[in-house]
Amino acid sequence: MSEAQFAKTVAWLLRVQALLAGVVALAFVFIGGVEQALAALIGGAIGVVLTTVSALRVGLSMGSDPQAMVSAFYRAMAFKLVLAVILFVIVAKWFAGYFGPVLMGYVATVVAYWLAMRKLAWLPGSTTENE
Amino acid sequence: METIALIAQVQSSTAIAVGLIFAFAALGTGIGFGLLGGKFLEGASRQPELAAMLQVRMFIIAGLLDALSIIGVAFAALLLFANPLLGALG
């Protein structure tokens with residue numbers, strides 16, 4: 001799988017995350033009003049931003065030797081966790097009354113990873129021939 | 001005076017809870033990422049041509065792996081900066 005296919009997978013992942021966050025926000029419009037929908041959208045936006053940032057950092061190391069790929073991957077994940085802490089602290093201060101919808105929005109973006117795993121399992125050549 | 005003691009009790013319990021959340025999130029994520037990176041290096045050394053494909057899968061699984069710890073961190077942030085448990089005290 002080349003860099004282009006990695007970019008394609010990440011683009012698909014981001015599209016699905018945005019779609020799922022939109023669906024959750026739409027559901028919260030009917031359940032709790034516009035404020036809760038906005039909070040859910042912000043939760044979804046956090047998920048999308050974290051995925052984008054980590055994918056950019058992982059994608060830049062594609063094609064190098066495995067050791068460099070793993071170290072870039074660990075750096076990307078550490079940065080993702082730090083960024084998650086910063087974003088959620090900001091959101092906890094601004095949207096303390098709507099933290100449920102924020103978390104629902106974020107969890108909706110996590111579902112996209114399960115869908116991406118399922119999609120990758122169905123791709124041709126997803127299993128190794130030498131097994 | 002009693003209210004202040006209750007607030008102090010809630011805050012101290014919250015601090016312990018937040019510490020436990022961070023500790024277990026770090027432990028679980030650390031073990032998971034360690035296993036993930038180790039298996040990736042194993043696979044990449046056996047079949048170097050599959051390294052890029054394995055990295056895509058590693059990225060997807062890592063997204064699931066750290067999701068729960070990020071949710072824990074989100075709860076910890078809420079407890080630290082806008083503790084809803086203190087609202088019950090008035």
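Contacts between S45(B) and chain A at a heavy-atom distance below 4.5 Å are absent for every atom of the residue. In this structure, the portion of V10(A) lying under 4.5 Å from any heavy atom of chain B is its side chain and not its backbone.
Counting heavy-atom pairs closer than 4.5 Å to chain A, the top residue among L36(B), I71(B), T29(B) is I71(B). When each of A44(B), A67(B), S69(B), A82(B) is checked for heavy-atom pairs under 4.5 Å with chain A, A67(B) comes out on top.
Applying the 6.0 Å contact sphere to CZ of F75(B) captures no more than 12 heavy atoms from other residues, nucleotides or ligands. Counting non-hydrogen atoms of neighbouring residues, nucleotides and ligands closer than 6.0 angstrom, the CG atom of L68(B) reaches no more than 12 such neighbours. With a 6.0 Å radius and a threshold of 12 heavy atoms from other residues, nucleotides or ligands, E42(B) has its CD atom above the threshold.
Remark: side-chain polar atoms of R57(B) are not paired, donor with acceptor, to backbone N or O of M117(A) under 3.5 angstrom.
Note that NZ of K80(A) and CG of D66(B) are 4.0 Å apart. Values are rounded to the nearest 0.5 Å. Rounding to the nearest 0.5 Å gives a distance of 11.5 Å between CG of L103(A) and CD1 of I70(B). Put simply, CZ on F33(B) and CZ on F73(A) are 5.0 Å apart, with the number rounded to the nearest 0.5 Å. One finds the CD1 atom of I60(B) at 5.0 Å from the CG atom of L13(A) (value rounded to the nearest 0.5 Å). Atoms OG1 and CE, on T9(A) and M53(B) in that order, are 11.0 Å from each other to the nearest 0.5 Å.
Tracing side-chain contacts under 4.5 Å through hydrophobic residues (I, L, V, M, F, W, Y), one never reaches I31(B) starting from L64(B); they form parts of separate clusters. Taking hydrophobic clusters as Ile, Leu, Val, Met, Phe, Trp and Tyr residues chained together by side-chain heavy-atom distances below 4.5 Å, I16(B) shares a cluster with F24(B). Each of L20(B) and V10(B) belongs to its own hydrophobic cluster when Ile, Leu, Val, Met, Phe, Trp and Tyr are linked at side-chain heavy-atom distances under 4.5 angstrom. Linking ILVMFWY side-chain heavy atoms closer than 4.5 Å, directly or via other members, places F28(A) and V107(A) in two distinct hydrophobic clusters. Both V56(B) and W114(A) are assigned to one and the same hydrophobic cluster, defined by single-linkage of ILVMFWY side chains at heavy-atom distances under 4.5 Å.
The two residues M69(A) and A51(B) have their closest heavy-atom pair at CE-O, 3.7 Å. Here the closest heavy-atom approach between residue V70(A) and residue G37(B) is recorded as CG2-O, 4.3 Å. Considering every non-hydrogen atom in both F88(A) and A74(B), the closest pair reads CD2-CB, 3.5 Å.
Among residues 90-98 of chain A, the residues having any heavy atom closer than 4.5 Å to a heavy atom of chain B are, in sequence order, A92(A), K93(A), A96(A).
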For residues 38-61 of chain A, which side-chain N or O atoms pair as donor and acceptor with protein atoms under 3.5 Å away, sequence neighbours left out?
unit_1: T51(A); atom_1: OG1; unit_2: Q17(A); atom_2: OE1; d: 3.1
unit_1: T51(A); atom_1: OG1; unit_2: Q17(A); atom_2: NE2; d: 3.0
unit_1: T51(A); atom_1: OG1; unit_2: G47(A); atom_2: O; d: 2.9
unit_1: T51(A); atom_1: OG1; unit_2: Y113(A); atom_2: OH; d: 2.9
unit_1: T52(A); atom_1: OG1; unit_2: V48(A); atom_2: O; d: 2.7
unit_1: S54(A); atom_1: OG; unit_2: L50(A); atom_2: O; d: 2.9
unit_1: S54(A); atom_1: OG; unit_2: T51(A); atom_2: O; d: 3.2
unit_1: S61(A); atom_1: OG; unit_2: V58(A); atom_2: O; d: 2.8
unit_1: S61(A); atom_1: OG; unit_2: Q55(B); atom_2: NE2; d: 3.3

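Aromatic pair F59(B)/F6(A): ring centres closer than 6.0 Å.
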